[in-house]
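Input: a single structure, listed below in structure tokens.
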Amino acid sequence: MFWSTVARAQSFMPTQATEIAKHVDSLYAFLLISSFIACAILIGGMIYFVYRYRRQTDHDKTAYITHNTFLEFLWSFIPLVIFLAVFAWGWIIFHEMRTPPEGAREINVHAKQWSWEFEYKSGLKTYNELIVPVNTPIKLIMSSEDVLHSFYVPSFRIKQDVVPGRYTQLWFNSEKLGDFHVFCAEYCGLSHSNMLAKIKVVPKDEYEKWLTESYEEGELTIAQKGAKLYKAKACVGCHSTDGKVVIGPTFKGAMGSEKEMDDGSKVVVDENYLRESILQPTAKTVKGFPKGAMPSFQGQLSEEELSALIEFIKEQK
Ligand code: CUA
């Protein structure tokens, strides 16, 4: 495509490691070039008219022109079409950027002043280094232990705030091997500028090999850690995993399902709903269950424990 060829020629842009990066750059190149053209027509036209219709003698009279409907229509309608096209184009890219494909590999990200912790399903953790397989959609489920941070990967053209008290997500699919910078893009205190990480994109077999080799005997997966908490925090007393209704709703098939609340509203169960229900059980109560029957676990679970418990619930399909 013409525009992506133009975009690729822009050496001032970082490497394009994802499909989305190419789309973003195409749009950016279009904006840049169309702005240049508009600027040339406007300023060039102005200079030409100033020269062409300059006053020649002291007796020149200013021409009496009130308006020209056709011209006015053109210079309103053409930019309108261009702006609407830019909006639609941006919307399509934004949607693509915000919608992780089905079956993307999930990795938990915990941000804290001033480092990034990555937690894989296997329970393995890395710090300031995220290792991922090439050509594989990766979905990051991000939480913050303290203040607002922002996960920014210039080469992937993605950025998302990491907000304390909730989960935010981000996805990418790197088509290129190599190391890519991660910056914290939200001022978060003294060492904000040092809150850096690296994404290492490796071939798929190398990734699997690394996962296996890094496995330590007896290490629990995130879901297994969650299973322990499920018993230790006594969730098991009220929430079954086999579909039976004890006191609270069952965890079986909960993730992704639509539930009706006691006020008649509908909620699709996702990470943020589960989080809220654990920390503030009275915020949204499923219809037919007693409100206030569950104690709040606010302050009793670390971010990591909370995501482990949620991972366990998600596994109860
Ligand atoms: Cu974290 Cu800036």
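Both ligands and their constituent atoms are indexed starting at 1 by order of listing. Keep in mind it's a predicted model, so treat the numbers as computed, not measured.
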Given a cut-off of 2.8 Å, the protein N, O or S atoms lying below it from atom 1 (Cu) of ligand 1 are H149 ND1, C184 SG, C188 SG, M195 SD
Surrounding NZ of K252 (heavy atoms of other residues, nucleotides or ligands, distance under 6.0 Å), is the total greater than 12? no
Quick check: does any side chain N or O of R54 sit under 3.5 Å from a backbone N or O of Y51, one acting as donor and the other as acceptor? yes
Contacts of W75 that satisfy side-chain hydrogen bond (donor to acceptor under 3.5 Å, both in side chains) - sequence neighbours left out: none
Does the distance from a Lys or Arg side-chain N to an Asp or Glu carboxylate O, for E311 and K225, drop under 4.0 Å? no
Sidechain-backbone polar pair: S257 side chain, M255 backbone, donor-acceptor under 3.5 Å: no
Can you list the steps and then say if K139 with E102 is a salt bridge (charged side-chain N to carboxylate O under 4.0 Å, His left out)? CA-CA 10 Å; K139 178 174 159 188; E102 242 357 92; over 6 Å; no
